[in-house]
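Treat the numbers as computed from the prediction; the structure is a model and nothing was measured.
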Amino acid sequence: MVKKTSIQVETEHRWLDADEAARYLRITKRALYDRAARGCLPVHRFGKSLRFRLDELNAVMQPAVR
C-alpha cells in the first residue's frame, strides 16, 4: 500500500469554484456551465453554488486507456 503525503491528499480533495475550474481547464465559464449541464464534467451543487473537485476534473481530462 502506498502512503499518500498530506499534499497529495489536499490536492486530491480540493474543491474549485466555477471561476477556478474554468481557469484550470482553460475554458470560459459559459463553456464550463454548458459542459456541466450536459454531464460532460462532474459537478456538485451546494445550494446555489456549483463546485468542482480537482481530482474528478483531472480524471475526466485523462485520455482513455485501452
Trace of the side chain to side chain contact (heavy atoms under 4.5 Å, CB included) decision for W15 with R53: CA-CA 5 Å; W15 290 93; R53 277 188 39 189; 3.4 Å; yes

Modelled atom types, side-chain donor and acceptor of N58 and Y24, under 3.5 Å: yes

Salt-bridge contact D17-R51 (side-chain N to carboxylate O under 4.0 Å): no

N-O pairing of R23 and D19 below 4.0 Å: no

If you compare all heavy atoms of [X] against all heavy atoms of [Y], which two are closest, and at what distance to 0.1 Å?
X	Y	value
A18	K29	O-CG, 4.1 Å
V60	C40	CG1-O, 3.7 Å
L41	L32	CD1-CD1, 3.6 Å

Rounded distance [0.5 Å steps], CG in L50 versus NE2 in H44: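 Here the rounded value is 10.5 Å.
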
Point-to-point distance, once rounded to the nearest 0.5 Å, from CG of L25 to CD of E20: 11.5 Å

Cluster overlap F52 with F46, hydrophobic side-chain contacts below 4.5 Å: no

Criterion side chain to side chain contact (heavy atoms under 4.5 Å, CB included) on Y33 and T28, from CA distance to verdict: CA-CA 9 Å; Y33 290 140; T28 65; over 6 Å; no

Side chain to side chain contact (heavy atoms under 4.5 Å, CB included) between I27 and R35, worked out: CA-CA 10 Å; I27 59 176; R35 292 176 187 178; 3.6 Å; yes

Heavy-atom neighbours of R26 CZ exceed 12 at 6.0 Å: no

